[in-house]
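Every chain is numbered from 1 and lettered A, B, ... according to where its sequence line falls, protein lines coming before strand lines. Only a predicted model underlies this, so the values are computations on that prediction, with no experimental measurement involved.
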Number of protein chains: 2
Amino acid sequence: MTEIDIIERLRQKLPVFPRSGIVLGVGDDCAVFRPKSSPEDLLVTTDLLVEGIHFLPSTHLPEDVGHKAVARGLSDIAAMGGDPRFCLLSVALAPGMEGAWMGRFYRGALRLAGIHKLTIAGGDLAHAARFTCDVVVCGAVPRGEALTRSGARPGDSIYISGALGGSALGLESRSSAARNRHLRPEPRVALGRFLRRQVHASAAMDLSDGISLDLHRLSVASGVSAVIDHPLPSFPGASVEQVLHGGEDYELLFT
Amino acid sequence: MTEIDIIERLRQKLPVFPRSGIVLGVGDDCAVFRPKSSPEDLLVTTDLLVEGIHFLPSTHLPEDVGHKAVARGLSDIAAMGGDPRFCLLSVALAPGMEGAWMGRFYRGALRLAGIHKLTIAGGDLAHAARFTCDVVVCGAVPRGEALTRSGARPGDSIYISGALGGSALGLESRSSAARNRHLRPEPRVALGRFLRRQVHASAAMDLSDGISLDLHRLSVASGVSAVIDHPLPSFPGASVEQVLHGGEDYELLFT
């Protein structure tokens, strides 16, 4: 069973209780919570970062890991056009990480959070055999204005915010620009806000698993098909494979 | 460095940005977010559950693990007198857990969520060497009415909602009542709401690490000292050690 099957099977079973305040649940970049009588909706997203799966201690400095943990969540907020507000960091430390490593991890996380004026409001601390971290990021949009995956309509044009394949290239090569893109992805928060406010994009999502899979997801969510009739913007040096299927570019896909 | 030292050191470094909406950050059972112009505050808490640390596959059924993951978060909402609203579940599955195990884990989580009308609104799915799960639970209270750890005043009486040491006893023995308490803790959500609405408790928190440590935390947060001049309510069969230092009872401590 793939991740998509699991989520789809689960989603069908999940009741949305009327008092929950949830107006958009499982299946988009963030859940959308509507506070009583408020002019703003709250966007909530959560992302795991697991040692050995999402990063390697041999290639990622502790600061890179902290940066990436926060960047993944911020990218989801960007995808829905949100203003970052606060986050919670849950961290399970592996043996030997309690001292300097952890200090440097938090330094990387705090630096990126500070750039986006994201308050760290809580979290949990535990121990594990391997470092694992879960980051919850919350953002806000004016009521009803969150960009979603399901808004695309027949005839809409499809756009990508930047070059693809850089992160995948950076994982496999020593190219410093690509390497940096892999280690320190920059979430497109300002662009996401611009797409919501000025461009009035009909749909948006972030590219975390590669355009080949993510464009399919957006199409399915919107109930439309997609045609690629222009060359894709490629990161210099990236292979076709990396451009199409490379994950973690954290660019925005929008219509 | 202990967990308390780490959190304290970190807390001093964390800026709260004015636009974040956060009115209570790191250090209580939940963070408190105040949505613009809303009559309600949102409580947000996140808790890790790590295989080998918080549960053992040999003693916990998958349903118990799902139950416990959600119970930990609900107990934090109860501690602040909140109404549960929604949650997000991030799960890193270990090899071999993709099929039946996972189905049973979600069954346990969904059952407890259903009892408390807690909508599952999102999450993340990944893989890891050992099962790890992070649960974010959100609840609501009328604006400014969250019960906190810091509200106790000199002269307040100290109360505990039930017998202590049951979970620790259940971990070490085959006593079925204690065993059940360890495997399926019941978060005191209705009681927490009652304490906020009817009792107007001055301070509250949940007992997750044992009364010896948690009463100290409440005292420090409130800037008062505490005197225990009555026998503590003990779970039948629990040792003094288990009553004082046993964790995971998830009863409420309040003043």
Measuring from B/Ser20:OG to A/Ile120:CD1, what's the distance to the nearest 0.5 Å?
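One finds 11.5 Å between OG of B/Ser20 and CD1 of A/Ile120.
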Can you tell me how far OG1 of B/Thr119 sits from CZ of A/Phe33, rounded to the nearest 0.5 angstrom?
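It is 10.5 Å, given to the nearest 0.5 Å.
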Heavy-atom pair count under 4.5 Å with chain A, highest-scoring of [options]:
options                               : result
B/Cys30, B/Gly123, B/Ala128           : B/Gly123
B/Gly122, B/Gly114, B/Gly139, B/Ser37 : B/Ser37
B/Ala140, B/Ala129, B/Pro18, B/Gly25  : B/Gly25

For [X], is it the side chain, the backbone, both or neither that has a heavy atom under 4.5 Å from a heavy atom of chain A?
X        : answer
B/Asp83  : side chain
B/Arg107 : neither
B/Ser90  : both
B/Val32  : neither

Under 3.5 Å donor-acceptor, B/Arg85 side chain and A/Arg19 backbone
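Yes: the side chain of B/Arg85 pairs with the backbone of A/Arg19.
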Taking all non-hydrogen atoms of both residues into account, name the closest pair between A/Ala31 and B/Ala121 and its distance.
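Shortest heavy-atom contact: CB-O, 3.4 Å.
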State, with a plain yes or no, whether a side-chain heavy atom of B/Leu42 is found less than 4.5 Å away from one of A/Leu42.
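B/Leu42 reaches A/Leu42 side chain to side chain.
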Under a 4.5 Å heavy-atom cutoff, which of A/Pro39, A/Gly21, A/Cys138 has the most pairs with chain B?
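The residue among A/Pro39, A/Gly21, A/Cys138 with the greatest pair count is A/Pro39.
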Using non-hydrogen atoms and a limit below 4.5 Å, what part of residues 46-68 of chain A faces chain B?
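Residues in range: A/Thr46, A/Asp47, A/Leu48, A/Val50, A/Ile53, A/His54.
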More than 12 heavy atoms of other residues, nucleotides or ligands under 6.0 Å from CZ of B/Arg196: yes or no?
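Counting other residues, nucleotides and ligands, CZ of B/Arg196 exceeds 12 neighbours.
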Worked verdict on B/Leu88 versus A/Val136 for side-chain contact (heavy atoms from CB on, under 4.5 Å):
CA-CA 9 Å; B/Leu88 293 91; A/Val136 183; 5.8 Å; no
